[in-house]
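Have a look at the structure below before the remarks.
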Amino acid sequence: MTTLEPPVAADRPPGPRPPAKRNRRSWKGWGFIGPFVAVFALVFLAPIAYSIYLSLFRDQLIGGNQFVGLDNYTQAIEDDRFWDSLIRVSLFLVVQVPIMLGIALLIALALDSGRLYGKDFFRITIFLPYAVPAVVATLMWGFMYGTRYGLVGDINEAFGVTLPDPLSTDLVLASIGNIVTWEFVGYNMLIFYSALRVIPHSLYEAAEIDGAGQFRVITAIKLPAIRGALVIATIFSIIGSFQLFNEPNILRQLARNAITTDYTPNFYTYSLSFNGQQQNYSAAVAIIMGLITMVIAYIVQLRGMRKGA
Amino acid sequence: MRRTTSRLMRGIAVLSVLALGATACGGSDDSAGGEPVSGDDITAALEKGGTVTVWAWEPTLKTVAADFEKKYPKVKINLVAERSGDKHYTALTNAISAEKGVPDVAQVEYFALSQYALTKGLSDLAPFGADKLKDKYTPGPWNAVNEGDAVYGLPMDSGPMAMFYNKAVFDKHKVAVPTTWDEYVDAARKLHKADPKVFIAADAGDAGFTTSALWQAGSRPYKVDGTNVKVDFSDAKAKKYTDTWQPLIDEKLVAPIAGWTDDWYKGLGDGTLATLVTGAWMPANFVTGVPQASGDWRAAPMPAWTKGDKASAENGGSSLALPTLGKNKELAYAFAEYANSGDGVQTRIDEGAFPATKAELESPEFQSKEFEYFGGQKANEIFAESAANVADDWSYLPFQQYANSIFNDTVGKAYVSDTKLSEGLKTWQDASIKYGKEQGFTVE
């Protein structure tokens, strides 16, 4: 019989591992999230940090660059042009978003009801405008809105009527709302529709056994089930409204006097930076606007997600 | 938790410093001081050779650059022509403030010159001998490039105002072509009455036109003395303009079509718009943009404020300037001089540019040129006379680019609401003053 050499490992004294070894950090996790963190820091955190840094200075044509602390923020809070633009997009928000989401919901429910012929065709055609870039969509609508050579002009000519000018000061916001609705109904519809598709069929069967009608099924089963999707779509729409930029920017070429350079908060910050070289003040306005958007989106999320609210 | 937070903060700090570093580092300049540069220095530089980077969208410079390279084989012209207008200025301003990638020669429109000159972005060309070129140029452009003893650019082209009118429309309705602004308003009424689809002009609020009209009327709303700026649209001459123009808006005699849009080109082509009062650089645009109306249009002097008055104004036009941070100053100047004062001028005229140099404007060859588009009219005679009669002492704001960008926010309201033109000008004045103060100017 040969004596078995005890395994090397057995040499180690029993008991807990030495603390130093045990606390050694494992960097493997960082390896996985590292690429994300690097990109996130570079394209998200760094610009924000740089904006905050910028917003604390003021660079003048005469006098150069100097540190001004929070002066830009005080100025922004007292700036009527900023608040007017914020009020304008808020008005847009409370009118356009319910209309758009309402239409999207109706279409989603109609598609989900299974009573439509050519369902796939409807779904894809209603979604299609979302695939059109906002710039192209706005240009296209701009042509239609034209009272001289556009569609509106042609209708006026053909029927001898005078339709109100969609690009006049009073109507241009509604016209922008129309474009945005056209663009995003399909997108929101798809969110709602996919949420509707995952509702278990057994619920419908139970409702049928209980003798519930279609309307009751919608209010008692479908709507509560897609609540999460509704909240998400609302938050996206709020953010989208506050960031309104492409549509007014492009329509402005056709309606320079109706759409001012401070028409929406985003357009205002753009004008400040690129027409006025006021990047510092522009950064302050952008940060305030970002905070306002965050707060409102957060409130909506809190309220929307609360059970039974 | 505390540790991660502080690490995060440090990360942000490092990143923002990195972002800063990107803007802060840059090449040093070999600045041209007040030292005069002799012609010999320039000749020596041309013989030695080098590369000159030129940012300019003026299309005729392409041929000029090729000719220049042929003449001085050791010099290479790197012409960057992709950007124009606002995009060009944004890029130029960014390059100057980053102290990196600054071109050696840049096209700068007259209205934007003083902004760059004031912030020391452009070299004074007087030490290169540019101050001796004064008599070569017509008064309008020269006035625009020089401030005190300094010369900040060499005039490239000019835009003396003229009135282009659709003769076919005037003939059809038997309306006389206006020579004064009062007649212009009358003609507007007559034409619109004869055919409700015809408008005397398109005007949806255009800063360039309004300032040129004020210029011609004798109003001098902008007074600039270094960093002291005065903005005032309330003088009697400005009132003359608003009193004349207001009825055109009130009675809807001007079509609310913005310039350079599809509607605008269509309107110029189909007889909807009867006149266009603008700079003498317009003919080339007529030929390419409104081919269907070839033969219908003619040129005439800009309507006068009082009968017989020949005073004119400028609209647009640009110069070639040397950014302070550019390199190869001698070569850069040599190119600008060649293009805008030397052999390049004729090359550019041949390609359709409207010169700023007296000799060329007055030459019989230039004046006798028949414009096929204008039915064989010798339109240059009218333009040259306008150029000679540009009223002097006009100056733009050192921040005209910004002021023009908010024109439609302020004066534009007069076109779409009950606001009067004079009130709109007042709002524009206030907004310009506010911006001027924010930028550190002393503004009244």
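All values below were derived from every heavy atom in this structure, side-chain atoms included, with hydrogens, water molecules and symmetry-related copies excluded. Just so it is clear: chains get the letters A, B, ... in the order the sequence lines come, proteins before strands, and each one is counted from 1. Everything numeric here is computed off the predicted structure, so don't read it as measured data.
Using a 4.5 Å cut-off between heavy atoms, B/Lys197 touches chain A through its side chain atoms alone. Only the side chain of B/Asp270 has a heavy atom closer than 4.5 Å to any heavy atom of chain A. For B/Ala258, the part lying under 4.5 angstrom from a heavy atom of chain A is the side chain only. Both the backbone and the side chain of A/Thr261 come within less than 4.5 Å of a heavy atom in chain B. Contact annotation for B/Ser417: neither backbone nor side-chain heavy atoms come within less than 4.5 Å of a heavy atom of chain A. Only the backbone of A/Asp59 comes within contact range of chain B, with heavy atoms under 4.5 Å apart.
Other residues, nucleotides and ligands place no more than 12 heavy atoms under 6.0 Å from the OH atom of A/Tyr298. Atom CZ of A/Phe44 has 12 or fewer neighbouring heavy atoms from other residues, nucleotides or ligands inside a 6.0 Å radius. Residue A/Met294 qualifies as open at atom CE: its count of foreign heavy atoms under 6.0 Å is 12 or below.
Ranked by heavy-atom pairs under 4.5 Å with chain A, the first of B/Thr410, B/Ile257, B/Asn94 is B/Ile257. Between chain B and the residues A/Leu61, A/Asp170, A/Val37, the largest count of heavy-atom pairs under 4.5 Å involves A/Leu61.
The two atoms that bring A/Phe274 and B/Thr90 nearest to each other are CD2-CG2, 3.8 Å, heavy atoms only. Counting all heavy atoms, side chain and backbone alike, A/Thr260 lies closest to B/Asp409 at CA-OD1, 3.1 Å. The minimum heavy-atom distance between A/Thr169 and B/Lys413, with the atom names listed, is CG2-NZ, 4.5 Å. Here the closest heavy-atom approach between residue B/Asp262 and residue A/Phe143 is recorded as OD2-CE2, 3.5 Å.
Looking only at distances, no side-chain donor or acceptor of A/Asn257 sits under 3.5 Å from a matching main-chain atom of B/Ala414. Judged by distance alone, with hydrogens and angles left aside, the side-chain atoms of B/Tyr435 form a donor-acceptor pair with the main-chain N or O of A/Gly276 at under 3.5 Å.
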side-chain contact (heavy atoms from CB on, under 4.5 Å) evaluation trace for A/Arg256 with B/Asp206: CA-CA 10 Å; A/Arg256 291 189 153 265; B/Asp206 175 56; over 6 Å; no

Would B/Lys266 and A/Arg148 count as a side-chain contact (heavy atoms from CB on, under 4.5 Å) if you check the C-alpha gap in whole Å, the side-chain angles of each, and the deciding distance to 0.1 Å? CA-CA 10 Å; B/Lys266 277 188 195 143; A/Arg148 204 159 295 278; over 6 Å; no

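The structure places CD of A/Gln253 at 14.5 Å from CH2 of B/Trp260, a figure rounded to the nearest 0.5 Å. With rounding to the nearest 0.5 angstrom, the CD atom of B/Gln439 is 9.0 Å from the CZ atom of A/Arg58. A distance of 7.5 Å separates CG of A/Leu254 from CG of B/Asp263, quoted to the nearest 0.5 Å. Note that the CG atom of A/Asn275 and the CG atom of B/Asn404 stand 10.0 Å from one another [nearest 0.5 Å]. Atom OH of B/Tyr402 sits about 11.0 Å away from atom CD of A/Gln277, to the nearest 0.5 Å.
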